[in-house]
**Q** 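Structure incoming, see below.
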Amino acid sequence: MAIIIFRYASDDTSIYSNNYNNSTRARRRLFLPKHVDMMRRVDRAVRALRVTHNGSEYGFLDLCARSADDKCVVDGDFLLMESFINALEHGLVTFPEMQTSFGQVDLTWVMAGVDAPHNHLESASIIKLRYYLRVDRRDPAVKWNNMFLKLMENTSLGDGVEIAYSSSESLEQELERGTVGDIVYFGLTMVLMVVYSVLVTTGGNAVSTRAMLACGGVLAAGLGIAGAFGVLCLVGVKYVNFVGIMPFLVIGIGVDDMFLLMSAWGETIHLQDLSVPDRVGITFSKAGIGITITSLTDFLAFLIGITSDFIVVRQFCIYTGVAVILCYVCNATLFGACLALHGQRVYSNRHCLTFRPALSREQLRLQGVSEMKVFCCGGSIPAKNWEDESACEKLPRRVLPRIILNPVVKVILGVVFLVYLGFSIWGAVFLEQGMLYRNLVLDSSYYHRFSTWDTEYFGQRLALAFVVDGPIDYAGSQGDAFLKLLKFAQQDPDVNSTFIRCWLDQYRNTPYYNATSNKTFLSNLFNKYLRKNMIMQTDVVFDWTGEQISASRCYLLTTNLVDPFRQAQLMARLRVLADSTRDLPVFVFQPLFVMLEHTLAILPSTLQTLGTAVLVMFLVTFAFLPQPLMVVLVTMNIILILIGVFGSMYFLGITYSGISMIHLIMSVGFSVDFSAHICAAYLMSDARTRAERAEYAIVHASGPIFNGGMSSLVGVSMLLMSESYIFTTFFKIMSMVITAGAVHAVFFMPILLSYIGPENTTEHDTVPDGHTHSVLKKTETVVSNGIYSGSKLVGKENTKDRNSHKTVLELMKEDDSATEQGAQVKCSVSYSKRKDHIPSENLPAGVESLDVPGNTDGAFLSLFDNLHTDEVDKSDQQPNSITPIESVGTNLSTGRQAFVRQVQEQEAATKPINKLANGST
């Protein structure tokens, strides 16, 4: 089908109403002779279109749908006939209905913006023509429609007359143009992502900066996306246009993982004596859970989306889920390799661009070079975490704990959260369903213009066909039941109560009707009534004998029903009504019902998918955070974020549809990501109080969360430049999901944890100066030939069951490998301030030497985290603070045990170590 709408637009906006001043200029409008000639030229050009298919030529006469009198069906073409123009000039045309030779015609279907005083038509500003094509010649008809679109694209009428047009293929073609055309923005997104990542990671100096490393992270994410397209296309997974959004989303997820890994790398900087492989191992041990939770939850959310009833949702979830996993693999492999190369460069003191050995900035200044050269060329190996961090990484951890955990701010944030939750619930309750199909195309599209005019001037009144599929007794009780069904349907508030086009109803009101016998009934129907009313001939189908009606249909009309959700509800009600007449094989049909099925199914399908997703996220969270309270908090946070997203859609003017369903599925994964980071950091804290653990969580997780959230926002930001409703809606909802997820995780979760979070089960001992230090509980893990850093244990694990708390020296003493008393040993000790060799004369008997730092048996033993030997109380030589180690290698050498015994025999448990470090006996 092809449709043309002519509009006379020289007047002001008042032409769009049905009442106008009877000025000479306004009178007749489109029915002025010059305008009628324009429309006739367009009509002749359309009818003259010809196409070639399989060597045969087809014109409009070959492809048009035909009426019972074998004429091409074109709604509205009679308006251009000379007989109608003459009748209009003589005031013989009634409105809204007029009588013609082929029956009563409702003029509101073909014209709008009319002047009709006393129900007599004088003028019209909008006229619509519909060209119907045969459905049994689809391929040549499609070609003809494309020719029609090209003709209309090059048609300009002028003189105040505008034109809008559409064909059966317009929506599909314009939807594809609207999505494919915006893929070019992904290239700009990659550039933006590189720039953002470089800015966030540019800190320190020319040696320590991680800017080049950030480029490697963006490259890894990009390769994951490209790999997903390649693999899925190779195995034959169908690509749909909506999948074009996937790269904008996944690039942010991949860069988010990169920030987590880089944050964990930064926490190894103060451990000066680690090798690069050890640093990489610690980095992945710390960030591994975070990026695994992020990728796994996102993947599972999309995996659940594959179960959707809608093909577009399934295809999008397949492509996005595979891309997420491949980004995870690329980060673990490619970016891991980049991290190792970065470490080799930094700890070789080489420049980030030239890769040549660099002088420190102090050395360059001593040489008298310019400050510009000092800034660009000077660098040194970082010794502290903050030395290579940018302001974007430092600011959250320094500022947010002071703000969020302030008692007054807690109250304010609590009130704000309750208000936000209230508005979200209110918006979710009043969220509308359905979507106008013109929103699927670009605003500049010809179809958008046509759909806007068509809805504004003609509304959307659906013709409802009540189809009887099978032979029934039309002359008897079954015929009465069928007409009664139509009367019941007209009582629906969304159905026009006055319009009915039914051959049976009209036939009964004619003198031809005779129900004395079925044979007479059918004979008069076929030979008399239908011959006089040819428009009804297509509504009655006789069997091959001509003695029985095998199928028939009658039409009702809806009121002006633009809202797709109301249309879907009406469809459901009419189906229930039709099914209630069990003795009649009747059903209701409207071509739009195929699309309305989507509107009805979207809510239950989404609720089922989201429910399954939340349950799966609960199980995944429990696997990685085996703390029941934390699992409950994370699950509760997911539900609250979903409510927030539902509510925000109402305020953003977004209706609930299949497009927003995809966004809601994604929000489940993002909700888990941010919440899990905070909860994991909280559990990693060794602090005693809930408030201190909440502060630790903010300090260690807020930076990666904000930078990861910003990377996701940067990833989708280019979609804001798009004209496509799909892309702009994606940007709006994703911005809300990311913002809500980050705010919930960083602002509300820590406050909640500071009141009801799990308490630390690690006990603390008090040393003589009144300070406390942690000792191992019986459930802690001892690392054999491994590394301890912060609150994580890296290396070969060997869990021992302890019945009592043991100090460091007790653990060393229990080493089973000791077989020889007094053996010589070199003990490795690492601390931040001093790295001396302790003279042998200051060591206990049996210990030959003590190198600080050193290496023994291939295992690094971190005895002190921050031991400041120059901060000793001179009055009693007791340390101001002692931070004993909390984990040691269980496979110690014989010499180490000899060292322990000698130390314990000479002095008390804490003094010997400090005296050794000070070089005193």
Side-chain angles (χ1 to χ4, degrees), residues 1-8 30-31 35-51 58-88 93 95-112 114 121 124-138 140-153 155 157 161-170 446-447 450 453-454 457-458 461 463 501 533-539 555 557 591:
M1 181 173 65
I3 306 176
I4 305 175
I5 297 178
F6 300 94
R7 186 179 80 168
Y8 181 72
L30 283 179
F31 290 117
H35 295 157
V36 172
D37 288 341
M38 288 181 186
M39 293 186 289
R40 285 173 176 170
R41 287 200 302 271
V42 173
D43 178 60
R44 287 195 295 269
V46 171
R47 294 172 185 265
L49 289 174
R50 303 189 69 82
V51 296
Y58 297 87
F60 178 71
L61 294 178
D62 303 309
L63 299 173
C64 67
R66 295 182 177 273
S67 61
D69 57 351
D70 200 33
K71 292 183 179 179
C72 289
V73 178
V74 180
D75 280 353
D77 63 340
F78 66 91
L79 300 177
L80 306 180
M81 296 179 180
E82 197 64 38
S83 58
F84 179 86
I85 301 299
N86 292 333
L88 180 65
V93 179
F95 186 86
E97 294 182 347
M98 68 171 290
Q99 186 65 37
T100 66
S101 59
F102 45 83
Q104 197 82 3
V105 175
D106 185 354
L107 294 179
T108 60
W109 285 90
V110 294
M111 66 172 62
V114 301
L121 181 68
S125 298
I126 297 102
I127 289 177
K128 183 198 292 190
L129 301 180
R130 292 187 185 88
Y131 299 84
Y132 291 95
L133 302 179
R134 296 174 58 168
V135 296
D136 59 340
R137 293 182 177 178
R138 174 166 177 75
V142 169
K143 289 186 176 181
W144 188 92
N145 274 331
N146 292 332
M147 288 289 293
F148 165 80
L149 294 176
K150 290 180 180 179
L151 173 66
M152 292 297 101
E153 184 179 0
T155 299
L157 300 181
V161 179
E162 298 175 336
I163 193 171
Y165 55 91
S166 174
S167 76
S168 304
E169 285 73 37
S170 290
Y446 70 87
Y447 183 82
F450 165 80
W453 287 14
D454 194 36
Y457 303 136
F458 297 97
R461 294 173 294 174
R501 199 193 84 171
N533 296 271
M534 292 181 295
I535 197 171
M536 295 293 186
Q537 289 182 4
T538 57
D539 294 339
Y555 285 96
L557 192 66

**Q** Could you check whether any side-chain heavy atom of Leu80 comes within less than 4.5 Å of a side-chain heavy atom of Leu129, counting everything from C-beta outward?
**A** yes

**Q** To the nearest 0.5 Å, tell me how far Leu63 CG sits from Arg50 CZ.
**A** 9.0 Å

**Q** The test is side chain to side chain contact (heavy atoms under 4.5 Å, CB included); show your working for Tyr132 and Asp75 and say whether it passes.
**A** CA-CA 8 Å; Tyr132 291 95; Asp75 280 353; 3.0 Å; yes

**Q** Write down the atom of Asn145, the atom of Met1, and the distance for their closest heavy-atom approach.
**A** OD1-O, 3.8 Å

**Q** Got a second to check how far Arg40's CZ is from Ile85's CD1, nearest 0.5 Å?
**A** 6.0 Å

**Q** Can you find a side-chain donor-acceptor pair between Asp77 and Tyr131 that sits under 3.5 Å?
**A** no

**Q** List the steps and the verdict of side chain to side chain donor-acceptor pair (under 3.5 Å) for Tyr165 and Ser170.
**A** CA-CA 9 Å; Tyr165 55 91; Ser170 290; over 6 Å; no

**Q** Under 4.5 Å between any side-chain heavy atoms of Glu162 and Trp453, yes or no?
**A** yes

**Q** Side-chain contact test, heavy atoms from C-beta onward, threshold under 4.5 Å: evaluate it for Phe450 versus Met152 and give yes or no.
**A** no

**Q** Determine the minimum heavy-atom distance between Phe60 and Val74, stating which atoms define it.
**A** CZ-CG2, 3.8 Å

**Q** Given side chains that start at C-beta, do those of Met536 and Arg501 come closer than 4.5 Å, heavy atoms only?
**A** yes

**Q** Parallel under 30°, tilted from 30 to 60°, perpendicular over 60°: which one fits the rings of Phe148 and Trp144?
**A** parallel

**Q** If you look at every heavy atom in Pro96 and Thr108, which pair is closest and at what distance?
**A** CB-CG2, 3.8 Å

**Q** Would you say that Val93 contacts Leu107 through its side chain, given a criterion of any heavy-atom pair below 4.5 Å between the two side chains?
**A** yes

**Q** At what distance, to the nearest 0.5 angstrom, does OG of Ser125 lie from CG of Leu30?
**A** 6.0 Å

**Q** Are Met111 and Leu121 packed together at the side-chain level, in the sense that at least one heavy-atom pair is separated by less than 4.5 angstrom?
**A** yes

**Q** Is the positively charged end of Arg461 above the ring of Trp109, judged by distance under 6.0 angstrom from the centroid and angle within 45° of the axis?
**A** yes

**Q** Can you give me the closest heavy-atom contact between Cys64 and Arg134, atom names plus distance?
**A** O-CG, 3.1 Å

**Q** Going by the angle between their ring planes, with limits at 30° and 60°, are Phe31 and Phe84 parallel, tilted or perpendicular?
**A** tilted

**Q** Take a 6.0 Å sphere around CZ of Arg138 and say whether it holds more than 12 heavy atoms from other residues, nucleotides or ligands.
**A** no

**Q** Does NZ or CZ of Lys128 fall inside the cone over Phe458's six-membered ring, less than 6.0 Å from its centre and within 45° of the axis?
**A** yes

**Q** Roughly how far, to the nearest 0.5 Å, is the CG atom of Leu61 from the CZ atom of Arg47?
**A** 8.0 Å

**Q** I want to check something: taking the side chain as every heavy atom from C-beta on, are Lys143 and Tyr58 in contact at a cut-off of under 4.5 Å?
**A** no

**Q** Can Val51 and Leu49 be said to form a side chain to side chain contact (heavy atoms under 4.5 Å, CB included), step by step?
**A** CA-CA 7 Å; Val51 296; Leu49 289 174; over 6 Å; no

**Q** Do Met39 and Leu79 have side-chain heavy atoms sitting under 4.5 Å apart?
**A** no

**Q** Taking atom CG of Leu149 and atom OG of Ser166, what is their separation to the nearest 0.5 Å?
**A** 7.5 Å

**Q** Just verifying a value: how many Å separate Ile5 CD1 and Ile126 CD1, rounded to the nearest 0.5 Å?
**A** 9.0 Å

